[in-house]
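These notes are about the structure you will find just below.
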Amino acid sequence: MPVRNVNGIRIEIEDAGPRQAPVVLLVRGLASQLIHWPDALIQILLESGFRVVRFDNRDAGLSQKLEGVPDLADVATGRRAPPYTLAEMALDTVGVLGVLGIDRAHVAGISLGGMVAQHVAFSHPDRCLSVASIMSTSGAPGLPPATPEAMDALTSQPADPTDRECVILHNMRTQQVIESPAYPPSQEELRHYFERGYDRCYCPEGSLRQMAAAIADGSRAERLAEVRVPMLVLHGAADPLIHPACGEDTARRVPGAKLEIVVGMGHDVTTANAPIVARHLIQHARSAA
């Protein structure tokens, strides 16, 4: 599907499945693209009778890139505003539904995308059949941080950011720090993941702008208490980047939320654990219906 104009931003969208089927709208996380949802996950959802809509967030993939390189320290202290907010990314998300003529969907977001999905849940409940917050957080103060190893991996930079192979190997090493110990991707899958992503779009400045939006958003704890749409919180017990306590906190703050902690899952969705993630999404969507 060609890029569509969504709230004044050019957004790349992929739409598959029967037009009349219930819609699952998938929201990716920091620096990742719609192609990074495993084919296995998409196929299971389609075979289970859902229409699956994916899109590239602003500043990622084939969607529009904005301008400016934010100083994350200034954003964290409030000295500077981020280039945009998670609330605006949530508007993009419901805008995707709008341009496709879809009234309501099962909205599922991963990591930063989970934060965006939370915004959709409390700011645009009329567009949600249900919401799933996957390996994400409420942002409430006092929650456990990432492990030192995961934080080092997340904030490290490739030795030569202009060299394709150097960037791909760096990203592979970073991902291996946060991957699921019980469901690790093969080296071939991991390399393909990052080669394909690099060749489709490599935009580290866009990742910084997305990160600034997440940092500036702070705590969503109070607003999560307003959520009245069916909410699933899905988290890996072995997630070193966003501690499982963060998922537990999110579920605790949403009235009636369902919490699922997956043993052996870290901070990724791969071919190996896609059936588990799909099963929980399908069960949640059907129970919400």
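In what follows, every heavy atom counts, from backbone to side chain, and hydrogens, waters and symmetry copies are set aside.
Smallest separation of non-hydrogen atoms from A288 and L129: CB-O, 3.9 Å. Heavy-atom minimum distance, A212 versus P70: CB-CG, 3.8 Å. Between H284 and P230 the shortest heavy-atom distance is NE2-O, 3.3 Å. Considering all non-hydrogen atoms of both residues, T162 and Y198 come closest at O-OH, 4.4 Å. Heavy-atom minimum distance, H267 versus Q175: O-NE2, 3.7 Å. Heavy-atom minimum distance, S133 versus T250: OG-CG2, 4.5 Å.
Interatomic distance, CG of D92 versus CD1 of I11, reported as 4.5 Å (0.5 Å rounding). Between T137 atom OG1 and R220 atom CZ the span is 6.5 Å, to the nearest 0.5 Å. Atoms CD1 and CG, from I242 and L143 in turn, are 10.5 Å apart once rounded to the nearest 0.5 Å. Once rounded to the nearest 0.5 Å, the distance linking OG of S123 with CD of E226 reads 8.0 Å. Here the OG-CZ distance, from S156 to R173, works out to 8.5 Å after rounding to the nearest 0.5 Å. Between the CE atom of M89 and the CD atom of Q210 there is a distance of 4.5 Å, given to the nearest 0.5 Å.
For the pair Q33 and R54, the minimum side-chain heavy-atom distance is 4.5 Å or more. Put simply, the side chain of V131 does not reach to within 4.5 Å of the side chain of V227, judged on heavy atoms. When side chains are defined from C-beta on, R209 counts as touching K65, because their heavy atoms get closer than 4.5 Å. Side-chain contact between R200 and E12 is present, with heavy atoms from C-beta onward closer than 4.5 Å. The shortest side-chain heavy-atom distance between F194 and L169 does not fall under the 4.5 Å cut-off. The side-chain heavy atoms of H235 and E248, taken from C-beta on, include no pair separated by under 4.5 Å. Between D163 and P158, every side-chain heavy-atom pair lies at or beyond the 4.5 Å cut-off. Side-chain contact check for E14 versus D56: every heavy-atom pair is 4.5 Å or farther apart.
With R10 contributing its side chain and G8 its backbone, the two residues share no donor-acceptor pair below 3.5 Å. Within the 3.5 Å criterion, the main-chain N or O of R28 finds a donor-acceptor partner in the side chain of N57. Of the possible polar contacts, none joining the R164 side chain to the P161 backbone as a donor-acceptor pair under 3.5 Å is found. For E88 (side chain) and T85 (main-chain N/O), a donor-acceptor pair under 3.5 Å exists by modelled atom type. In terms of modelled atom types and a separation under 3.5 Å, the side chain of T174 and the main chain of H170 share a donor-acceptor contact. Between the side chain of D152 and the backbone N or O of E149, no donor-acceptor pair lies under 3.5 Å. For the pair D239 (side chain) and P244 (backbone), a donor-acceptor distance under 3.5 Å is absent.
Criterion: ILVMFWY side-chain heavy atoms under 4.5 Å apart, direct or through other members. Under it, I13 and L62 are not part of a common hydrophobic cluster. Residues V75 and M115 share a hydrophobic cluster, clusters being chains of Ile/Leu/Val/Met/Phe/Trp/Tyr side chains in contact below 4.5 Å. When the side chains of ILVMFWY residues are joined at heavy-atom separations under 4.5 Å, either directly or via intervening members, M172 and V177 end up in two distinct hydrophobic clusters. The hydrophobic cluster containing L112 also contains L72, counting ILVMFWY residues as joined when their side-chain heavy atoms lie under 4.5 angstrom apart, directly or transitively. Cluster membership for I215 and L66, using ILVMFWY side-chain heavy atoms within less than 4.5 angstrom, is shared.
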* **Derivation of the side-chain contact (heavy atoms from CB on, under 4.5 Å) call for L241 and L154** => CA-CA 8 Å; L241 186 61; L154 183 68; 4.0 Å; yes
* Asked: Is there a side-chain contact (heavy atoms from CB on, under 4.5 Å) between S111 and L30 once you walk through the steps?
  -> CA-CA 7 Å; S111 198; L30 179 70; 5.7 Å; no
* **Derivation of the side-chain contact (heavy atoms from CB on, under 4.5 Å) call for D268 and I178** => CA-CA 7 Å; D268 60 359; I178 63 175; 5.9 Å; no
* Show your reasoning for whether salt bridge (charged side-chain N to carboxylate O under 4.0 Å, His left out) applies to E165 and R191. => CA-CA 10 Å; E165 182 66 10; R191 173 169 276 279; 2.7 Å; yes
* To do: Any chance you could lay out the side-chain contact (heavy atoms from CB on, under 4.5 Å) test for H119 and D217, step after step, and finish with the verdict?
  => CA-CA 10 Å; H119 270 272; D217 203 55; 2.9 Å; yes
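Here I35 is tied into one hydrophobic group with L34, each link being a pair of ILVMFWY side chains closer than 4.5 Å. Taking Ile, Leu, Val, Met, Phe, Trp and Tyr as members and joining any whose side-chain heavy atoms lie under 4.5 Å apart, directly or through other members, the hydrophobic cluster of F50 also contains V24, L26, W37, L41, I42, I44, L45, L46, V52, I110, I134, M135, Y183, L232, L234, V262, M265, V269, I276, V277, L281, I282.
Within 6.0 Å of atom CZ in R223, more than 12 heavy atoms from other residues, nucleotides or ligands are found, so the atom counts as buried in its surroundings. Residue R104 qualifies as enclosed at atom CZ: its count of foreign heavy atoms under 6.0 Å is above 12. Remark: D39 CG is loosely packed, at most 12 non-hydrogen atoms of other residues, nucleotides or ligands lying under 6.0 Å away.
Note that R58 lies in the cation-pi zone of Y84, set by a 6.0 Å cut-off to the ring centre and a 45° limit from the axis.
In terms of the ring pair (Phe, Tyr, Trp, His ring centres under 6.0 Å) criterion, residue partners of H36 (sequence neighbours excluded) are, by chain and number, Y193.
Side-chain atoms of E189 and T271 include a donor-acceptor pair closer than 3.5 Å.
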